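Some notes on the structure that comes next.
On a predicted model such as this, the values are computed, not experimentally measured, just so you know.
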Amino acid sequence: MATVYSTSVFQPGIFSNKVVFCTGGAGTICRRQVEALVILGANAVIVGRKKAVTEKAAAEIQHLRKGSKVLGLSVDVRDYKALQEAMEITVEELGKIDYVICGAAGNFLADFRHLSSNAFKTVIEIDLLGSYNTVKAAQNQLIKNKGTVIFVSATLHYYGVPFQSHVGAAKAGIDALSNALAVELGPFGVRCNCIAPGPIEGTEGISRLLPKEMTENVRKAVPLQRFGTIDDIANATVFLFSPASSFITGTTIVVDGAAWHTGQQGTFPYPESILHSDKLSLFAPKSKSKL
């Protein structure tokens, strides 16, 4: 990371003796979420499909605070047994699990006519099934420790977004899952919420999904006139895991500068982009998942 998360807003050590388990933890947004928690006192386990990338990220995060312990494990979130084993390693190495971040995701641009059933299924399995598997595998620890879950969602299902039907469907499912779990796990003292990032500067989502020539138009369509930062998402994460949000559950915090309220301004021209999608070459790739 080019910059280090700033702790000026939150009390140092607020997460001392806490343990977070994060899927997609080597990704730009989720990594910053974990970095913030570690700097503020937590230990962590991040999981991802790519072993070398995940282990390298874990080692770098661990160096952010003296005495911290951060593990990187190679796990495919679609594999429930593998997640169970990762939870067991976490408890064995770090003692417990207090917080869970479900951040594993897959995305690409593809209009419905060119989106294969398999590509749609893959995103649903990574995002939605992966989130379910993660919380399911962590449930005993969450109940034992009266833990908290954050699902990384999106705003793509708040209105019809072309080229994103697969992700919109997956994130809508995640929101519904979070709401249901807030009700079912609430009596056990477990809180569940979503964070829905908007356009975040320097992320894979911006670089891969937003053509450079459209960047300025999209930025102007954000009411606050800027893209978000990974620290904006980290700050929301710290708040939702902190005692300050102890009565907040079953809701979604949208961190997008009110961008979704302006709809599709600045994106692909409509309906021309749909009618002539063949010319845009926006076909679902064989493998573009970020685990």
Side-chain angles (χ1 to χ4, degrees), residues 1-10 20 22-40 46 57 61 64 99 101-109 127 131 150-159 161-164 167-168 170-172 174-175 178 193-242 244-245 248 251-268 290:
M1 293 289 175
T3 59
V4 177
Y5 176 77
S6 172
T7 62
S8 61
V9 176
F10 300 103
V20 59
C22 178
T23 66
T28 312
I29 288 178
C30 291
R31 173 168 174 165
R32 186 61 111 198
Q33 290 175 292
V34 175
E35 287 179 343
L37 298 172
V38 169
I39 288 174
L40 292 170
I46 63 172
I61 295 171
L64 294 177
Y99 308 132
I101 299 174
C102 297
N107 198 2
F108 44 80
L109 292 171
D127 288 51
S131 294
I150 290 177
F151 297 90
V152 180
S153 187
T155 63
L156 299 169
H157 52 291
Y158 294 1
Y159 56 96
V161 180
F163 308 107
Q164 292 284 270
V167 186
K171 297 303 188 183
I174 286 174
D175 285 8
S178 178
N193 294 293
C194 293
I195 291 176
I200 304 299
E201 194 94 60
T203 61
E204 187 176 354
I206 288 289
S207 62
R208 185 199 297 173
L209 305 178
L210 181 62
K212 291 183 178 180
E213 63 271 18
M214 297 181 182
T215 300
E216 193 54 35
N217 286 339
V218 173
R219 193 192 310 273
K220 289 179 180 179
V222 179
L224 289 184
Q225 298 297 291
R226 70 172 177 90
F227 287 150
T229 68
I230 53 178
D231 279 358
D232 289 325
I233 308 302
N235 288 336
T237 303
V238 172
F239 168 68
L240 284 177
F241 281 148
S242 77
S245 66
I248 297 175
T251 194
T252 297
I253 292 185
V254 179
V255 187
D256 76 335
W260 81 266
H261 290 288
T262 65
Q264 301 171 35
Q265 298 180 40
T267 55
F268 293 101
K290 179 188 67 177

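- The salt bridge (Lys or Arg N to Asp or Glu O under 4.0 Å) check on E216 picks up R219, with sequence neighbours excluded.
- The backbone N or O of L240 lies less than 3.5 Å from a partner atom in the side chain of S245, making a donor-acceptor pair.
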Exercise. Determine, stepwise, if the pair I230 / T28 fulfils side-chain contact (heavy atoms from CB on, under 4.5 Å).
Key: CA-CA 7 Å; I230 53 178; T28 312; 3.8 Å; yes

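- In this structure, I200 and T203 have side chains that are in contact, with non-hydrogen atoms separated by less than 4.5 Å.
- Taking 4.5 Å as the limit, every side-chain heavy atom of I195 sits out of range of all side-chain heavy atoms of V152.
- Between the side chain of S178 and the backbone N or O of I174 there is no donor-acceptor pair closer than 3.5 Å.
- Y5 places none of its side-chain heavy atoms less than 4.5 Å from the side chain of L64.
- Under the salt bridge (Lys or Arg N to Asp or Glu O under 4.0 Å) criterion, D232 pairs with R226, sequence neighbours left out.
- E201 places no side-chain N or O within 3.5 Å of a backbone atom of T229 that could act as its donor or acceptor partner.
- T23 and A104 make their closest contact through OG1-N, 3.2 Å (heavy atoms, listed as atom of the first residue, atom of the second, distance).
- The CG atom of N107 sits 8.0 Å away from the NZ atom of K171 when rounded to the nearest 0.5 Å.
- Contacts of Y99 classified as ring-ring contact (aromatic ring centres under 6.0 Å, His included), with partners at least two apart in sequence or in another chain: F15, F241.
- In terms of heavy atoms, A26 sits closest to A57 at CB-CB, 4.0 Å.
- F151 is not listed as a side-chain neighbour of N193, based on a closest heavy-atom distance of 4.5 Å or more.
- Of all the heavy atoms in G106 and D127, the pair that sits closest is N-OD1, 3.0 Å.
- Proximity of V222 to T262: side-chain heavy atoms (C-beta onward) are nowhere separated by under 4.5 Å.
- Taking the side chain to side chain contact (heavy atoms under 4.5 Å, CB included) definition, one finds that D175 meets it with S153, H157, Y158, C194, T252, sequence neighbours left out.
- Listed by chain and residue number, Q33 satisfy the side chain to side chain donor-acceptor pair (under 3.5 Å) test with T237 (two or more places apart in sequence, or in another chain).
- With a 4.5 Å cut-off on side-chain heavy atoms, I46 and R31 do not count as touching.
- Residues passing the salt bridge (Lys or Arg N to Asp or Glu O under 4.0 Å) test with D231 are R32, sequence neighbours excluded.
- In this structure, the side chain of Q164 engages the main chain of F108 through a donor-acceptor pair within 3.5 Å.
- I206 and P199 make their closest contact through CD1-CB, 3.9 Å (heavy atoms, listed as atom of the first residue, atom of the second, distance).
- Two residues are said to be in side-chain contact when any heavy atoms from C-beta on lie closer than 4.5 Å; I253 and F239 meet this criterion.
- When all heavy atoms of P223 and A221 are compared, the pair lying nearest together is CD-O, 3.3 Å.
- Although no hydrogens or angles enter the test, the distance criterion places no donor-acceptor pair under 3.5 Å between the side chain of T155 and the main chain of W260.
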